[in-house]
Structure formats: C-alpha cells, structure tokens
Amino acid sequence: MTKKPSPISILSLCLIGGSLIASAAYAADADWKRGRIYYRYVCTACHTTELKKAIGPNEKTKAEWAAFIQADKHGKNTVTHYFSKQFRDSIKASNKAASKFDAVAEKDLLADVKAYVNKSAKDGDAPAGCG
C-alpha cells in the first residue's frame, strides 16, 4: 500500500518549486552580456580617462559589489546617475555604447551591470578583468 502525501508535504513542495521558478525568472530578466558591454565601454572607458585606471569586476567580491551598488555613491554622483538617460545623452556623441543603449530603461541597464559584476566578481562564476 502506498502512503498518500500529506497536504503539508504537497504545499511545501509547491512553495519550494515556486521559489525556484521565481528565482530563475528574476535571474533571466537581467542580461549580463549587455551589462558586460555597458561596463566595458562606458564604465571602463570613463575610469580609464578620468582616473587613468580601469576597475575590473574581479577587483571586488560579490558582496562588495552589492554593497557599492546599494550605497549608491560614486564620487560626486550616485551609481544610478551613470545609468540615467541624462548621463547617456551627455556622452553618446563620444561613446557609441551609450548611444546603443539609448532606449534601455535605467533600471534594466543597472540590473544588467549588476548581473555582470556578480558573475565576474572575484568570487563569481567567471571572474573577469577589464578587457
């Protein structure tokens, strides 16, 4: 005789499965490849020009990147400023990547870069430098 699963067991499995699906869907929303392009051609280009030193994603851990983005401070501006339409408009004459991402929503572009630095961080799945 087979034991019938309890309603609690079924509910637990449904909640776990739903969490996994929601987690995968959220991760799929961000495009780390698009984030890599923006990071390399906008962030790295600016840091190289302004600071004479590029900052690779592998120079920080995932936790350090998360804290940096959460703090939303980047020099005299905010991190989010550098993903704004206003910022991209201000550099698109000299930066083709900024022009290429003109139609991308700020929050989406930031999510893409977050996904890229998370993947490429010192303790990420594929640590990457600037190149």
Side-chain angles (χ1 to χ4, degrees):
M1 183 189 307
T2 317
K3 185 177 176 184
K4 190 174 182 180
S6 72
I8 302 257
S9 298
I10 293 171
L11 179 60
S12 296
L13 288 172
C14 288
L15 289 173
I16 291 169
S19 296
L20 291 173
I21 290 168
S23 173
Y26 176 76
D29 287 346
D31 182 350
W32 71 265
K33 290 179 182 179
R34 184 169 63 184
R36 176 182 62 195
I37 293 167
Y38 193 82
Y39 185 94
R40 285 182 175 174
Y41 293 101
V42 176
C43 303
T44 299
C46 185
H47 278 245
T48 302
T49 302
E50 298 296 320
L51 302 175
K52 307 297 185 232
K53 180 190 183 300
I55 297 172
N58 64 349
E59 292 184 33
K60 295 181 185 285
T61 64
K62 291 190 264 185
E64 290 169 332
W65 278 115
F68 172 74
I69 293 167
Q70 178 73 30
D72 200 24
K73 293 185 188 221
H74 189 287
K76 295 177 184 174
N77 287 302
T78 61
V79 171
T80 52
H81 164 76
Y82 294 99
F83 296 91
S84 69
K85 178 98 168 87
Q86 178 186 7
F87 174 73
R88 287 180 274 159
D89 284 347
S90 74
I91 65 168
K92 70 182 179 183
S94 62
N95 188 303
K96 290 181 184 177
S99 181
K100 177 179 180 173
F101 297 116
D102 192 45
V104 179
E106 296 171 18
K107 67 178 181 62
D108 293 339
L109 196 52
L110 179 57
D112 295 343
V113 172
K114 282 182 189 179
Y116 171 63
V117 297
N118 193 51
K119 178 181 182 64
S120 304
K122 190 182 300 186
D123 58 345
D125 294 335
C130 295

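- A centroid separation of 6.0 Å or more is found between the aromatic rings of Tyr38 and Tyr116.
- Counting all heavy atoms, side chain and backbone alike, Ala98 lies closest to Val42 at N-CG2, 4.1 Å.
- You'll find the side chain of Arg88 stays beyond 4.5 Å of the side chain of Phe83, heavy atoms only.
- Side-chain contact between Ile69 and Val117: present, with at least one pair of heavy atoms (C-beta onward) separated by less than 4.5 Å.
- Under the 3.5 Å distance criterion, the side-chain polar atoms of Thr44 are left unmatched by any main-chain donor or acceptor of Ala54.
- Around atom NZ of Lys100, no more than 12 heavy atoms belonging to other residues, nucleotides or ligands sit under 6.0 Å away.
- Taking 4.5 Å as the limit, every side-chain heavy atom of Lys114 sits out of range of all side-chain heavy atoms of Asn118.
- Atom OH of Tyr41 is surrounded by 12 or fewer heavy atoms from other residues, nucleotides or ligands within 6.0 Å.
- No side-chain donor-acceptor contact under 3.5 Å links Lys60 to the backbone of Pro57.
- Counted by atom type alone, Tyr82 and Asn77 present one or more donor-acceptor pairs between their side chains at under 3.5 Å.
- Within 6.0 Å of NZ in Lys53 there are more than 12 heavy atoms belonging to other residues, nucleotides or ligands.
- At a threshold of 4.5 Å between non-hydrogen side-chain atoms, the residues Phe101 and Arg34 count as touching.
- Side chains of Pro127 and Lys122 form no contact here, defined as non-hydrogen atoms less than 4.5 Å apart.
- Under a 4.0 Å N-O distance rule, the pair Asp125/Lys119 does not qualify as a salt bridge.
- Taking the charged nitrogens against the carboxylate oxygens, Lys85 and Asp102 do have a contact shorter than 4.0 Å, which makes a salt bridge.
- Of all the heavy atoms in Ala45 and Asn95, the pair that sits closest is CB-ND2, 4.3 Å.
- For the atom pair His74 NE2 and Cys43 SG, the distance stands at 7.0 Å (nearest 0.5 Å).
- Glu59 has its side chain out of reach of Glu64: every pair of non-hydrogen atoms, C-beta onward, lies at least 4.5 Å apart.
- Side-chain atoms of Asp72 come within 3.5 Å of backbone N or O of Val79 as a donor-acceptor pair.
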